[in-house]
Amino acid sequence: MAAAVRAGLWHRGVISATRRGSHSSTALKPQYDAVIIGAGHNGLIASAYLQKGGLKTAVLERRHVLGGAAVSEEIIPGFHFSRASYLLSLLRPHIYQDLELKVYPDFLSYLERLACAIHPLLDAPPVDIPGLTQGSLRKKISALSSLKPLVKSGLKLEKNIPDFYELVTAPVMKVLNRWFESEPLRATLATDSVIGANTSPNNPGSGYVLLHHVMGELEKEKGAWGYVEGGMGGVSQSIAHSARSLGADIFTNRDVEQVLIGQDGSAKGVVLTDGTEVHSKVVLSNATPYITFKQLTPQDALPEAFIKSVDQIDYTSPVTKINVAVDKLPNFLAAPNSADGKPGPHHQCSIHLNCESVEVLEEAYREGQQGRPSSRPMIEMTIPSVLDPTLAPPGCHVVSLFIQFTPYLLEGRRAWTDQDRERFADTAFDWVERYAPGFKKSIVGKDILTPADLERVFGLTGGNIFHGSMSLDQLYLARPLPSVADYRTPVKRLYLCGSGSHPGGGVMGAAGWNSALKVLADFKRL
């Protein structure tokens with residue numbers, strides 16, 4: 001069976017994350033200017049910029065490791081996995097050069113024109129609607145500056161505005177059918193319109209998910225992705241080291257139980273599960289909006305109508321991640337291994353299985369919506385150890401399987417059991433076996449993370465890797481809700497800084513950067 005492959009950073013391969021640091025030995029102080037809940041990449045980036053801006057900042061992470069979902073863990077002795085997040089940057093779908101597609105470069109140019117126009121919006125908060133419509137004339141004039149990124153995007157799009165509108169609102173198949181005749185190619189490209197999203201290529205809005213996955217940039221190569229040396233945790237450690245070098249205090253195994261609310265209704269710090277209180281002038285939450293507002297914030301500090309709105313945020317996730325340790329390199333029927341056993345170019349790519357047709361993807365989606373794990377799931381496979389031998393013992397490899405579609409609850413009501421996990425893993429492995437005979441026998445260990453496991457381990461509500469659906473009703477001015485799209489919350493001095501805010505999951509660090517700028521601007525007025 002043929003497997004679709006897409007090239008990554010062929011000339012780079014592994015990106016080295018420099019400036020790694022160890023956990024801080026600094027004692028937790030009782031008072032800070034800013035406290036950040038959660039040491040995911042957005043929280044760490046926010047801490048660096050707040051500290052650089054003069055605010056003494058502490059980051060409190062409940063787990064034993066920094067990075068949120070961007071972590072490296074030795075869950076099988078000798079094998080180091082990027083356990084949740086597994087690629088750096090967002091990915092543009094490069095098709096293997098042997099396809100020799102004449103129209104494909106034009107399609108890439110089309111996507112690049114639209115994606116580049118979004119860049120000004122990623123690095124700035126959404127338009128300040130309250131500032132433009134409320135308060136004094138001076139405040140309204142000041143808020144006009146928030147329109148600049150939107151204007152820049154419009155000017156970049158120019159005559160492409162109709163194309164942009166169509167792509168972000170239409171089913172992606174409407175666009176792909178116009179560009180391509182090859183069904184396997186259309187299906188392979190369509191996978192980027194559903195990665196991490198509980199949607200179908202034939203659903204409206206799936207076009208935006210595709211665009212979201214092609215707007216990244218890595219080492220000046222637009223749309224490129226790469227593996228991080230040592231795993232994704234190297235990026236998190238590098239960011240943490242930068243923050244610490246600026247003076248931030250970062251702690252692991254510090255589980256925040258609740259945000260402290262003062263008599264004036266504003267955030268005053270946090271209390272840990274062990275009873276320790278840490279006071280601060282501002283609090284930033286890198287947790288999901290649901291955890292922030294339903295678990296960490298006292299409910300009597302929030303308006304009842306706002307709490308009801310929080311309950312309506314969509315966190316549905318179709319994703320199960322399986323990390324696999326193998327004792328030999330997978331050998332694909334479509335591209336057999338060389339006699340010397342060395343990895344081929346296709347081993348360096350993201351390998352897409354069960355995408356021979358759009359109908360295969362549709363059937364997998366339909367089964368997931370019925371509360372059943374897909375019997376023929378969509379699988380994205382990566383083998384980072386072919387480029388980074390530090391991840392596995394000699395001759396062995398780590399394999400990442402990013403799989404859809406699986407429900408949070410089986411049949412809509414039943415939690416996953418260990419038997420259910422093993423059964424689904426066997427299904428996934430059986431399908432890999434069809435493309436690469438011998439794969440199942442090569443397995444020496446595995447780590448199965450269903451949507452419920454992703455929630456339990458990494459704090460991803462619903463198992464959603466984006467901290468909330470990337471549907472059109474939860475983007476930009478409405479992310480996560482219209483009333484908190486500017487990172488400020490109904491509780492004064494409590495801010496959001498995670499991927500649940502604009503611009504959403506996958507755009508590494510943008511929410512942390514944007515929220516830090518907002519806090520620094522507000523702090524001057526405290």
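Computed over heavy atoms, backbone and side chain alike; hydrogens, waters and symmetry mates excluded.
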Does Gln404 use its side chain to pair, donor to acceptor, with the backbone of Pro377 at less than 3.5 Å? no
Leu361 and Cys355, any side-chain heavy atoms less than 4.5 Å apart: yes
Is the closest basic N to carboxylate O distance between Asp311 and Lys294 below 4.0 Å? yes
Just by distance, do the side chain of Asp327 and the backbone of Cys396 share a donor-acceptor pair under 3.5 Å? no
SB check Arg413 Glu411 (cutoff 4.0 Å): yes
Can you list the steps and then say if His41 with Ile239 is a side chain to side chain contact (heavy atoms under 4.5 Å, CB included)? CA-CA 7 Å; His41 57 268; Ile239 299 169; 4.3 Å; yes
With a 3.5 Å cut-off and no angle check, do the side chains of Ser206 and Ser193 form a donor-acceptor pair? no
Okay, side chain of Asn514, backbone of Ala510: is any donor-acceptor separation there less than 3.5 Å? yes
Scan side-chain atoms only and decide if Tyr365 and Asn202 contain a donor-acceptor pair under the 3.5 Å cut-off. no
What do the steps show when you test Thr406 against Trp416 for side chain to side chain contact (heavy atoms under 4.5 Å, CB included), and what is the final call? CA-CA 11 Å; Thr406 53; Trp416 289 73; 4.0 Å; yes
Side chain Arg254, main chain Arg62, donor-acceptor under 3.5 Å: no
Do the side-chain N and O atoms of Tyr315 and Glu455 include a donor-acceptor pair separated by under 3.5 angstrom? no
Check for a donor-acceptor pair, side chain of Asn323 on one end and backbone N or O of Phe81 on the other, with a separation under 3.5 Å. no
Check the pair Phe79, His397 against side chain to side chain contact (heavy atoms under 4.5 Å, CB included), reporting the backbone distance first and the verdict last. CA-CA 8 Å; Phe79 294 83; His397 290 279; over 6 Å; no
For His352 and Thr191, does a side-chain donor sit closer than 3.5 Å to a side-chain acceptor? yes
So, Asn198 and Ser469: side-chain donor and acceptor under 3.5 Å apart, yes or no? no
Could you tell me whether Phe107 and Phe180 have their ring centroids closer than 6.0 angstrom? yes
Trp179 and Tyr110 aromatic ring geometry - parallel, tilted or perpendicular at 30°/60° bounds: tilted
Any donor-acceptor pair under 3.5 Å linking the side chain of Tyr487 with the backbone of His502? yes
Kindly write out the residues that satisfy salt bridge (charged side-chain N to carboxylate O under 4.0 Å, His left out) with Asp447, not counting sequence neighbours, or none if the list is empty. Arg83
Take Asp420 and Arg414, measure what salt bridge (charged side-chain N to carboxylate O under 4.0 Å, His left out) needs, and give me the verdict at the end. CA-CA 11 Å; Asp420 294 322; Arg414 183 169 65 83; 2.7 Å; yes
Answer yes or no: is there a donor N or O on one side and an acceptor on the other, between the side chain of Ser515 and the main chain of Ala511, under 3.5 Å? yes
Can you say whether the rings of His347 and Phe332 are parallel (under 30°), tilted (30 to 60°) or perpendicular (over 60°)? tilted
Please check: side-chain N/O of Asp388 versus main-chain N/O of Gly230, any donor-acceptor pairing under 3.5 Å? yes
Quick one about Ser499 and His467 (side-chain donor to acceptor, distance below 3.5 Å, no hydrogens or angles considered), yes or no? no
Step-by-step salt bridge (charged side-chain N to carboxylate O under 4.0 Å, His left out) determination, Glu380 to Lys321: CA-CA 10 Å; Glu380 181 180 60; Lys321 175 83 184 296; over 6 Å; no
Consider salt bridge (Lys or Arg N to Asp or Glu O under 4.0 Å). Of Arg423, Arg376, Lys440, which one does Asp430 pass it with? Lys440
Expected output: side-chain Ser285 to main-chain Ala287 donor-acceptor under 3.5 Å: yes
Checking side-chain contact (heavy atoms from CB on, under 4.5 Å) between Val432 and each of Ile443, Ile379, Val399, which is the one that passes? Ile379
Please evaluate residues Ile291 and Thr461 with respect to the criterion side chain to side chain contact (heavy atoms under 4.5 Å, CB included), reporting the C-alpha separation (whole Å), side-chain torsions for both, the decisive distance (0.1 Å), and the verdict. CA-CA 7 Å; Ile291 291 176; Thr461 301; 3.7 Å; yes
